[in-house]
Colleague: 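Have a look at this one before I ask anything.
Please read all numbers here as calculations on a predicted model, not as lab measurements. Chain letters run A, B, ... following the sequence lines, proteins first, then strands; residues in each count from 1.
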Amino acid sequence: MIRIIGALMLMSASAAAGVYMSSRLKKRADSLDGFASALEYLKTRICFADTALEKALRAAGDMMNDGRIFYSAADNMNADGIKKAWRHAVINSADTLCLTAADVQTVSALGNRLGLTDAEDQKRNIDAVLAALSARRAQAHEAYDKNGRLFRGCGILCGALAALLLI
Amino acid sequence: MNIDLIFQVAGVGIVVAVLYQLLSRAGRDEQALMVTIAGLIAVLFIITGEIGDLFDSIKQIFGL
């Protein structure tokens with residue numbers, strides 16, 4: 001009886017690890033999608049509603065499920081300057097949002113010219129980041145489609161294999 | 001010979017076969033091959049004792 005319980009525990013732990021890795025891939029894709037739609041909204045608020053940057057950032061953060069990047073940047077932009085505040089916000093949120101180093105680099109690029117020039121230039125800056133982000137989003141979705149099922153399957157099967165060998 | 005051993009080897013075979021399919025369909029052929037080899041080695045370790053018994057029996061039968 002204790003062997004069966006041990007085997008089940010081993011299998012469930014391994015399956016949970018596989019599901020966790022798969023969910024991180026999914027979360028990365030969702031984060032990038034949410035970020036892209038939040039950027040579209042930020043562009044609208046800056047270019048057409050003439051909203052102040054801090055308020056526009058908070059409004060864009062509301063568009064995401066987890067808008068911590070925008071909130072953090074809005075909180076710190078007056079103290080650190082928008083470039084530094086944005087970069088810190090992206091780096092600090094990268095692990096929670098499951099972003100890779102390349103994603104961080106792409107998203108950080110937004111802070112270089114954010115709030116420094118006129119609305120037309122802001123629009124161009126956001127459009128450039130959105131274009132770069134679309135490639136990252138496509139890559140994230142492809143990674144999830146390719147590896148999501150693999151991680152889940154491997155998690156369960158590796159647990160089963162270990163249980164079979166130890167039982 | 002313990003019948004559980006046969007079921008254990010069969011189970012390892014099934015799991016390794018499914019893992020191979022899963023990995024090769026995801027384009028990870030090298031890892032699939034490694035899993036197959038690892039499964040083979042694991043099964044060889046399991047049946048080492050039985051192979052030893054087999055050789056002993058052969059020696060006894062032929063008086064070697």
Colleague: Would you compute the distance between atom CD1 of B:Ile46 and atom CG of A:Leu165 and round it to the nearest 0.5 angstrom?
Modeller: 5.0 Å
Colleague: If you count every heavy atom of other residues, nucleotides or ligands that lies below 6.0 Å from B:Asp29 atom CG, does the total exceed 12?
Modeller: yes
Colleague: Starting at SG of A:Cys154, measure out to CG of B:Leu23 and round the result to the nearest 0.5 Å.
Modeller: 4.5 Å
Colleague: Within a reach of under 6.0 Å around CD of A:Gln105, are more than 12 heavy atoms found that belong to other residues, nucleotides or ligands?
Modeller: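 Counting other residues, nucleotides and ligands, CD of A:Gln105 stays at 12 neighbours or fewer.
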Colleague: On a heavy-atom basis, which atom in B:Val15 and which in A:Ala160 lie closest, and how many Å separate them?
Modeller: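 The pair with the smallest heavy-atom distance is CG2-CB, 4.2 Å.
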Colleague: Ignoring hydrogens, what is the shortest heavy-atom contact between A:Leu161 and B:Val16? Give both atom names and the distance.
Modeller: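 Heavy atoms of A:Leu161 and B:Val16 come nearest at CD1-CG2, 4.0 Å.
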Colleague: Heavy-atom count check: over 12 atoms from other residues, nucleotides or ligands less than 6.0 Å from A:Arg149 CZ?
Modeller: no
Colleague: Taking C-beta and beyond as the side chain, do B:Leu22 and A:Arg152 meet within less than 4.5 Å on heavy atoms?
Modeller: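 They are not in side-chain contact.
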Colleague: Considering residues, nucleotides and ligands other than A:Tyr71, do more than 12 of their heavy atoms fall under 6.0 Å from its OH?
Modeller: yes
Colleague: Roughly how far, to the nearest 0.5 Å, is CG of A:Leu157 from CD1 of B:Ile14?
Modeller: 11.5 Å
Colleague: What's the spacing between B:Arg25 CZ and A:Lys146 NZ if we round to 0.5 Å?
Modeller: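 It is 15.0 Å, given to the nearest 0.5 Å.
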Colleague: What are the two closest heavy atoms between B:Arg28 and A:Asn147, and how far apart are they?
Modeller: NH2-OD1, 3.3 Å
Colleague: Crowded around A:Arg87 CZ? As in, over 12 foreign heavy atoms under 6.0 Å?
Modeller: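 Result for CZ/A:Arg87: open.
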Colleague: So with a 6.0 Å cut-off around CD1 of A:Ile4, is the heavy-atom count from everything else above 12?
Modeller: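 Open.
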